Amino acid sequence: MTTGKFITFEGIDGAGKSTHLAFVAELLCERKKTVVVTREPGGTSLGEELREILLHEKMHLETEALLMFAARREHIAQVIAPALERGDWVISDRFTDATFAYQGGGRKLDRAKLNALEQWVHPHLQPHLTLLFDVPLDVARARLDATRTLDKFEQEKVEFFAATRAEYLRRAAEFPQRFHVIDSTQTIAAIQEQLRVIVAEIDS
Ligand SMILES: Nc1ncnc2c1ncn2[C@@H]1O[C@H](COP(=O)(O)OP(=O)(O)OP(=O)(O)O)[C@@H](O)[C@H]1O
Ligand SMILES: Cc1cn([C@H]2C[C@H](O)[C@@H](COP(=O)(O)O)O2)c(=O)[nH]c1=O
């Protein structure tokens, strides 16, 4: 019997999702789960090649959305579906909510086109739990500026991130049964306490 669950981590760049992903993976390992940690775009060798292109080359917004879903198709076929079938837990740093937020919200691509791609690529797969790390834009920006060289998305203007964040929050309100919105301005320790409770709930 399949017992694995699919958990996704979402948020604008710099919100802190990668920081907490490792912690949740550890919590699940302590609970004796077999955990597959992966990311989008990426997660397969083709997906990682597409990631390089997507994060560094300019392209038409529809090309960008199509490549995100192409990488995702491969990711589901090679990694996510087989792991869930084995009963493993899959934790992915981003999934389809990111396409709705970035290409839909940020770049203003028609949501109907994204719905059609989602229906094509994964009509029967949705995360069991989506953790949305939410922060004001200035906090996210300060965290990014302190830590890294910025990629194509991270160099976008404040309006882009405001629209991306708004679309994430709109989706969280649309799908309250799977989304948990986490106030990522809290300390890392406070967020970890919240994550402990959420993980215990989903594993009960
Ligand atoms: N709650 C927090 N308080 C203070 N600093 C934080 C917090 N969460 C994360 N950070 C710091 O902010 C920086 C960005 O965090 P992280 O890489 O986890 O963000 P991210 O959401 O995964 O970003 P991206 O999507 O661009 O990879 C890191 O230096 C991390 O240590
Ligand atoms: C899956 C997905 C991702 N993006 C963007 C969001 C981020 O800026 C990058 C991924 O980098 P991360 O720091 O590892 O999160 O890609 C996107 O625009 N659309 C998507 O579907």
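Here the structure is a predicted model, which means the values were calculated and not measured. Atoms within each ligand, like the ligands themselves, are counted from 1 in listed order.
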| Where do K113 and E62 land on the salt bridge (Lys or Arg N to Asp or Glu O under 4.0 Å) test, with the steps shown first? | CA-CA 9 Å; K113 291 185 175 169; E62 292 191 352; 2.8 Å; yes
| Which option out of Q155, R51, Q103, R39 puts a heavy atom nearest to atom 11 (O) of ligand 2? | R51
| Option nearest atom 2 (C) of ligand 2 (shortest heavy-atom distance, choices A65, G11, A98, S18) | A98
| Residue portion contacting ligand 2 (non-hydrogen atoms closer than 4.0 Å) for E64 | neither
| query | Are E48 and R39 ion-paired here, with the side-chain N under 4.0 Å from a carboxylate O? | reply | yes
| Could E64 and R107 be called an ion pair, given the rule that one side-chain N must be under 4.0 Å from one carboxylate O? | yes
Is [X] in polar range of ligand 2, meaning some N or O pair under 3.5 Å apart?
{"X": "K17", "result": "yes"}
{"X": "R94", "result": "yes"}
{"X": "D93", "result": "no"}

| said: Here's one to test your reading of the geometry: is the NZ or CZ of R165 within 45 degrees of the ring axis of Y168 and under 6.0 Å from its centre? | reply: no
| query | Do the ring planes of F69 and H122 sit parallel (below 30°), tilted (30 to 60°) or perpendicular (above 60°)? | reply | parallel
| query | Applying a 4.0 Å heavy-atom criterion (strictly less than), which segment of S184 is in contact with ligand 1: side chain, backbone, both, or neither? | reply | backbone
